[in-house]
Amino acid sequence: MSDAAHSPSFLQEEIRRYHHFITLALWLAAITGVEIVLIFLPVPMAIILTVLCLLSAIKFFAVIMWFMHLIYDHRLLFWLFVTGLALAFATFTALLSLFAVERVDTKWFS
Amino acid sequence: MSHDSHHAPVASKLDLAPERSDLGLLRPDRKTGWADWLTTVDHKKIGIMYGAFAMLFFLVGGVEALAIRTQLARPDNDFVTARMYNQLFTMHGTTMIFLGVMPLSAAFFNFLVPLQIGARDVAFPRLNAFSLWTFVAGAFVLNSSWLFEFGHLAGWFNNFAWHKSLVYTDFAPANGWFSYAPLSGTVGQADAALHSPRFTGVGTDFWIIGIQILGIASLAASFNFICTIINMRAKGMTMMRLPVFTWMTLVTSVLIILAFPAITVALIELMFDRQFGANFFNPSAGGQPILWQHLFWIFGHPEVYILVLPAMGIVSEILPTFSGKALFGYPIIVFSGAVIGFLGFAVWSHHMFTTGLGAVPTAAFALLTMAIAVPTGVKIFNWLGTIWGGKIRFTPPMVLALGFIWMFMCGGFSGVMHSAAPADAQQQDSYFVIAHFHYVLLGGVLLGLMAGLYFWFPKIFGRMPNAGVAYLASGLVILGFNLAFGPMHYLGLAGQPRRTHTYHAGNGWETWNFVATIGAFILGIGVFLAFANLVWTAFKGKKCGSDPWGGRTLEWSLSSPVAEYNFAQSPVIAARDAYFEDKHGGRRIAYENDGGEAGVHMPSQSWMPLVAGFGFLMIGLGMPMLSMGVPHMGWLVIAGLTVMFIGIWLWALEGPGGYMLKTPAVGATPSQPAHQSATTH
Amino acid sequence: MSQVSEPAHAPTSTGIEHKKLIMWLFLASDCMFFGTLISTHLLYRKLYPTGFTDAEGHQRFIQNLFNIELTSFSTFILLMSSFLMALAVSAMHKGQIKSFRRNVLGVIFFGLIFLGCQVFEFTHFFHQGLTIQNSVFGSTFYVLTGTHGTHVAIGILWLILLYFYSFTGKLGGHVGALDVEVAGLYWHFVDIVWIIIFTAVYLVEYLGPSGFWGTGLPLTK
C-alpha cells in the first residue's frame, strides 16, 4: 500500500499538480465566459469563428495535458491519442469538403 | 478453503484447492472438458476456438458460394429464387469477411503473438475471452437469420399475428455486404409508432445488430493486442526485433480501432432510421443516402487491409523459414506494412468513383490509390529477394505461400486498373470487380491463412498434417480458384453485372460461367480437403518434434503443444530471428530465472466473459425480433443489456485471482540449454 | 519473482500500466467515433443551413430554439466536474480516501446536473416541435448529444460503483489509484468531447443574422 508512491518528493509533486489543477479550472471557466460573450459581438464572423476554434482547441489541449496527465506521463500516450485525433480530424474534414451545397436539392431548406 | 494452498505452486491446476473469488463464487480454475473451454483465459485455447469457429464459417460461406455458382452455371437458371440469391451473396460476403477471415486472423493473433514476443499471456486475459464469446454471439445472430428465413419458407410462422402484419418477409439480409442506403434504410414519414416505411424486411436488422456485435468483439480484441505487443515484450525484444507477423498484428489492430468506430456510428444511425424513424439516410426528408457510402467505406477500405495484412505477416514468416535465409529488407517490409495501413484511410472514395464526387476529389483519390501499389510492390520484391538464392524447401506451407505471392499480385494488378477512375467507371459493379477482390481475398488472404495453418499446426497440436493430402489440397485450391475467378475478368469486361441472379443466353457468357462453376466446385473440394486434413491431424495426426521446420522465431523454441505457462523462464532476446540466432548464430537466448521455485503466475479462469457475451446474444436476437413485431421482445433486449452489464460488473468485482504453477527445474526443458539459464544482465 | 500476467504489478516494456494504455487506446478510437457523429451533424448543417420545419409546418431557426444560457451553464458544470475528477485522482495518489470520496461525489453530482440539463433541453426542444422524426437536424442533434449523454451516464454509473467500492476497503494503493485514474481519463474525455460539441453545435449557430450556416445563402421565411 504505502510504498515509494508516498515518498516526500512524490507528495510535493502531487501538491504542485493540485495547484495547477485549480489554476487551470479558473482559466477554463474564464475561456467559456469569453466564448459566450464573443458570439454576440459585432465583429466579422470569420474572426469570431477563428477565435472560437482556437479557444476550444486551447481548452481541449489544456484538459488532455493537465487533467488527463499527458504532460506528466509517457510520451507514447500522447502520440497514440494524437494519432486518433489527427486521423479523425483529417478524415472528417475531407468528408465535409466532399459534400457540396450546390449539389443538393434545395427544397429541403425552403 | 485454504487460501495459502492456492498460492503454493502446484504441478497441475487439478491439484489446486478450491478457491473463491472476491465475490464468494467458486473460481472455475479446476474445470476440465467443456467447462474448461468455456471459462478459459488461456490465449492458446482461445486461439484454437477462434480457428475452429472460423473454419466452420468458412465452410458455411463456401456452401453459400457454391449455391451462387450453381445458380449461375447456365443461363435462365432457377436453382434459387432471385430473393434467395440476394440473401446468398449478402450472407456469403458477410460471413467470409467477418466470420471467416477476421476470426481466422484473430486465431493466429491469439495463438502466436504472446509466444512470439516472449510473454506468458495477453495483457487482459479475461477481455480476450470476452472478445471470443462476443464474436460467437455476433456470428450466431447473423446466421440465425437463416433459421428465421427457412422457418418462414416452411410456413412455421403463418399463424402468428406478428407474421401476418409484416410488409416484407425477407428474414435473411439481402442488401449486399455493404448494405447501401436507401435500400437498407427508410423512405417517407414515420408513423405513430415511429416506424418509417422501409425497403427491406428484418434481414437488414439482423445484419445491423450482428455487425455491431462483431465490431465490439474486434475492438475489444484489438485494444488487447496493441497493449500486449507494446507492453509485454520480453527483455531485449525491441520493436525492430519483433517478428513481422507480430508487427502486422499491431498494424492490423491499430487499423481496427481507428476504422471500426465509423461503421459503429453508421450502424447506429441506420438503426435509428429503421427503429425510431430518424432521417439520417431517408431521402424523402432530406437525408443523404450517399453519406452511408462514405461512412461505410471510411471503415470498409481499412477493413480490406485488416483482412490482408495478417496474411502478409504470415507469408513473411514462412518464406524465410523455407528459403533458409533471413527476411530480405525487414525494416522496409515493416515500414511498408505501416504505410499501407496509413494510406488505407485516405482512399475510401475509390469505391465511389461513379457517384460523381467531382473532378478534384476523384483525381486525388485515384492518385492516392495508385500510391498504395508502391509499398505493396516493395513487399512483393522483398519476398522475392528473400527466396532469391535460397535453399528452398517446397513444403505444403511454402507451396501455399508462393501461391499467395503469385495470386495476390494478379489481384493487385487488377486493383491498379480500378484506381484509374475512367476505367473504374466501366468496371464498377461488374464481374471484373468480383474477379479482382477474389484474387486478393482468396488468392491472397485465404492462401496466406492456409499456409499459416499448415505452418503452425505442428506447433499448436504437436502433430504433423499429412503432406500428401496437403499438396493435393493446395493444388486443387490453386487450380480451382484460377478456373473459377480467372474467367470472371473476361465476363466482367464483357458486361456481366454483379449481383444479378440470372442472365439470358446469347450474351456470350455461357461458357465461362460454366467453367467458373466447375472451378468453384474444385476449389470447394480443395478447401474442404485441406480443412478435413487439419481436423484429422488435430486428433489423429503423427506426432512431431517441437521444431519440425527449422523455425526462426521464439515460438519454435517451446515444446509442442506449448505448455500452459508458455515460458518456464522468461527469455532475454539478443537478436531478430531470435531462435535461429540461438541455434545457428552467436547470439544465444538467455533465460531469466523469474519463476523459479515459486512457480509461474497463471491468471484465474472465469465465467464472466461468457456471461457478458451471452448478454450480447440476447440483445442481438431481441432487436430483430422486436423489429418483426414479436411481442415482449423489448424486454429481451433490456434483459440482454442487463446480463451484459452484470457480466462485466461481476468480472470487475471478482478480482483477477491467479495461482502459481510449478515449472520444470531450470535447464530441464530440452530447448533451454543449462549454461544459458542464468540471468546474464 | 514477477507476475507477468497480472496487469497492475508487472513491470511493462514501456513502463506504462496496461490499464492506462488500453484506456488511451480506447480514447483514440473514440475520437473517430465522435468524429463520425459530429461530422454527420455538421455536414447536414452545411447542406441545410436554415433550420427545420416543425410539426405545424413552420420554418424554425435553430438560433431561436437554442438557449445559450442553459447550455453555457451545463458546459461550465461539466468543466468543473472535470476539475473535481482531477482532484479525486490526485487524492487517490496521495492515499487520501476520504478526500477522494468527497471529490468523486462532487463529480457525480455535477454529472447528474449536466444530465438533468440535457433532459430539460430535450423536453423543451420536443415541445418546441423538434423531433427525431421531423427533420434531419432533429435526427443528428438528438443522436449526437444523446450519445454524448449516454457516455456521461456510463461515466456516472462507473463513478458511483467506484464510490461504493471504496467502502469495502479494497480500493487503495497503486492499483486503486490506477483504477480511479483510468475512470478519470474516461470522464475527462467525455468533457473534452463536450467542449467540441459546445463550439461546433451550439456557438456557431449564433454567428451572423441567419446563423453561421446560413452565410451566403438567401434567407427564406
Side-chain angles (χ1 to χ4, degrees), chain A residues 1-7 10 13 17 45-46 49-50 52-53 56-57 59-110, chain B residues 219 222-223 226-227 229-231 239 250-251 253-262 265-266 279 282-302 338 341-353 355-362 364-365 368:
Chain A
M1 286 276 290
S2 50
D3 42 24
H6 290 232
S7 64
F10 178 84
E13 168 66 18
R17 286 185 196 182
M45 198 175 64
L49 194 69
T50 316
L52 278 183
C53 289
S56 71
K59 285 204 287 187
F60 187 97
F61 277 93
V63 172
I64 66 164
M65 295 316 284
W66 279 280
F67 282 174
M68 295 169 91
H69 292 188
L70 275 185
I71 204 157
Y72 312 116
D73 270 341
H74 201 291
R75 249 186 318 174
L76 177 68
L77 296 177
F78 176 81
W79 289 114
L80 278 177
F81 183 71
V82 166
T83 305
L85 188 66
L87 188 71
F89 187 77
T91 306
F92 297 114
T93 309
L95 179 64
L96 278 172
S97 50
L98 280 172
F99 276 81
V101 181
E102 317 82 74
R103 288 154 194 260
V104 178
D105 184 352
T106 51
K107 77 175 174 177
W108 298 111
F109 50 87
S110 58
Chain B
L219 282 168
S222 301
F223 293 134
I226 300 176
C227 214
I229 295 169
I230 291 182
N231 248 356
M239 290 309 276
L250 181 63
V251 176
S253 302
V254 171
L255 290 184
I256 288 176
I257 69 164
L258 296 177
F260 265 78
V265 169
N279 303 308
N282 180 351
S284 54
Q288 298 279 319
I290 199 173
L291 176 62
W292 171 267
Q293 294 195 24
H294 280 292
L295 296 184
F296 185 88
W297 290 115
I298 286 175
F299 147 79
H301 199 80
F342 176 73
L343 282 178
F345 278 99
V347 294
W348 82 84
S349 286
H350 71 210
H351 297 267
M352 303 163 59
F353 278 152
T355 60
L357 297 162
V360 174
T362 301
F365 281 109
L368 280 164

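Note on naming: letters A, B, ... go to the chains in the order of the sequence lines (proteins, then strands), and numbering restarts at 1 for each one.
- Under the rule for a side-chain contact (heavy atoms from CB on, under 4.5 Å), the partners of Val265(B) that lie at least two apart in sequence or sit in another chain are Glu269(B), Phe33(C), Thr36(C), Leu37(C).
- Atom CG of Leu295(B) is separated from atom OG1 of Thr91(A) by 11.0 Å, given to the nearest 0.5 angstrom.
- Looking at Ile226(B), there are no atoms closer than 4.5 Å to chain A (heavy atoms on both sides), in backbone or side chain.
- For Trp297(B), the CH2 atom is densely surrounded, since the number of other residues' heavy atoms within 6.0 Å is greater than 12.
- Going from atom CD1 of Ile290(B) over to atom CZ of Phe99(A) covers 6.0 Å, rounded to the nearest 0.5 Å.
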Go through Leu98(A) and Phe365(B) one step at a time and tell me if the side chain to side chain contact (heavy atoms under 4.5 Å, CB included) criterion holds.
CA-CA 12 Å; Leu98(A) 280 172; Phe365(B) 281 109; 4.1 Å; yes
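- Here the CZ-OG1 distance, from Phe342(B) to Thr83(A), works out to 9.5 Å after rounding to the nearest 0.5 Å.
- Interatomic distance, CG of Leu95(A) versus CD1 of Ile298(B), reported as 5.0 Å (0.5 Å rounding).
- Open room surrounds CZ on Phe89(A); 12 or fewer heavy atoms of other groups in view lie less than 6.0 Å from it.
- In terms of the ring-ring contact (aromatic ring centres under 6.0 Å, His included) criterion, residue partners of Phe260(B) (sequence neighbours excluded) are, by chain and number, Phe299(B).
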